[in-house]
Protein chains: 2
Amino acid sequence: MGSSSAIGEFEQLVVLAVLQLGREAYGVAIRTVIEERTDRPVSRGAVYTTLDRLESKGLLSSSVSPTTSPGTGQARRYYQVEPEGIEALHEARAALRQMWTGLEPLLGEL
Amino acid sequence: MGSSSAIGEFEQLVVLAVLQLGREAYGVAIRTVIEERTDRPVSRGAVYTTLDRLESKGLLSSSVSPTTSPGTGQARRYYQVEPEGIEALHEARAALRQMWTGLEPLLGEL
DNA sequence: ACCAAGACGTATACATTGTAGGCCTCACCG
DNA sequence: CGGTGAGGCCTACAATGTATACGTCTTGGT
């Protein structure tokens with residue numbers, strides 16, 4: 001899409017959720033965080049599909065949990081944010097920030 | 001997409017550009033603002049297509065210039081941001097802000 | 001008057017993302 | 001050993017992102 005490593009709207013949310021969760025970042029938890037923080041419904045499929053794409057783009061990496069803690073069903077796949085992921089977030093944010101600059105009087109504080 | 005009026009990444013940039021330009025918001029100018037502020041190339045087609053979609057979603061409205069100032073070729077189509085557009089911007093921003101909250105130590109200041 | 005050139009907009013097409021739903025596996029419990 | 005809950009994967013389709021090509025004015029030569 002963009003020049004280097006572009007990232008979409010929902011993709012950003014997913015990467016941020018992974019950061020928020022630290023070592024507890026797996027599908028279901030990621031979904032929950034996004035739903036709670038953005039207060040909008042997110043389907044399971046949406047999350048997994050996006051995680052897949054982000055991984056194949058190199059923004060995230062994953063590994064299946066070796067441990068099977070009690071109460072946990074199928075083995076979890078944990079995600080981690082790669083440096084490219086961090087960079088993509090910064091780029092997206094910089095672009096938005098630039099575009100917002102000067103509009104505070106019209107739209108409220110940054 | 002989202003609950004009410006969702007908006008994509010590039011769409012946000014376009015709406016913001018229209019706000020930045022005020023009454024001088026027409027295709028070519030919008031493209032220029034985005035390229036300058038985000039420092040990334042944008043094709044003409046990308047802008048017009050997006051403007052079209054935003055208008056049909058009701059986030060923007062437009063009207064062809066009655067005046068034909070000298071040096072201007074074909075009549076310009078000027079855009080304006082509708083209340084729904086402003087709202088969509090705020091929603092998108094709120095979501096991102098929520099997701100970023102708490103990550104400053106990891107990623108730098110907001 | 002004619003035509004090339006520049007400023008703009010429109011049409012079309014295709015790639016990437018967004019999003020939902022269904023289906024499958026595993027572990028635990030009655 | 002069948003049900004149930006936690007989790008993950010696959011498929012399909014809609015929406016967005018993005019580029020190229022093409023049409024329309026208007027002006028400036030000549």
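Note on naming: letters A, B, ... go to the chains in the order of the sequence lines (proteins, then strands), and numbering restarts at 1 for each one.
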Checklist entry - To the nearest angstrom, how far is A/Leu60 atom CG from C/dT17 atom P? => result 13 Å
Next on the checklist: Between A/Lys57 and A/Glu82, does the salt bridge (Lys or Arg N to Asp or Glu O under 4.0 Å) criterion hold? Intermediate values first, please.
Outcome noted: CA-CA 10 Å; A/Lys57 285 203 287 184; A/Glu82 293 297 304; over 6 Å; no
Item to check | hbond_proxy A/Arg53 side chain to C/dG18 base (donor-acceptor, 3.5 Å cutoff) | outcome: yes
Checklist entry - Got B/Arg40 and A/Glu91 here, is their nearest side-chain heavy-atom distance under 4.5 Å? => result no
Checklist entry - Which whole-number value in Å describes the distance from B/Ile34 CD1 to D/dT18 C1'? => result 12 Å
Item to check | Polar pair under 3.5 Å, donor/acceptor by atom type, side chain B/Thr49, base D/dA19 | outcome: yes
Checklist entry - Is the phosphate of D/dC9, meaning OP1 or OP2, less than 4.0 Å from a side-chain N or O of A/Arg77? => result yes
Checklist entry - Is there a donor on the side chain of A/Arg44 or the base of D/dG8 sitting less than 3.5 Å from an acceptor on the other? => result yes
Next on the checklist: Tell me whether the rings of A/Trp100 and B/His90 are parallel (<30°), tilted (30 to 60°) or perpendicular (>60°).
Outcome noted: tilted
Checklist entry - Considering only heavy atoms and no angle criterion, is a donor-acceptor pair shorter than 3.5 Å present between the side chain of B/Glu9 and the base of D/dG17? => result no
Next on the checklist: Nearest whole Å is fine: how far is D/dG17 C1' from A/Ile7 CD1?
Outcome noted: 15 Å
Checklist entry - Taking DNA chain D as the partner, which of residues 17-29 of chain B come within under 4.0 angstrom of it by heavy atom? => result none
Checklist entry - Of the nucleotides D/dG17, D/dG8, C/dC8, which has the atom closest to the A/Arg76 side chain? => result D/dG8
Checklist entry - Does the side chain of A/Ser43 get closer than 4.0 angstrom to OP1 or OP2 of C/dT19 through an N or O atom? => result no
Next on the checklist: Just to be sure I understand the rule, does B/Tyr48 reach a base, reach only the sugar-phosphate, or reach nothing, if contact means heavy atoms closer than 4.0 Å?
Outcome noted: base
Checklist entry - For D/dA15, does OP1 or OP2 lie under 4.0 Å from any side-chain N or O of B/Lys57? => result no
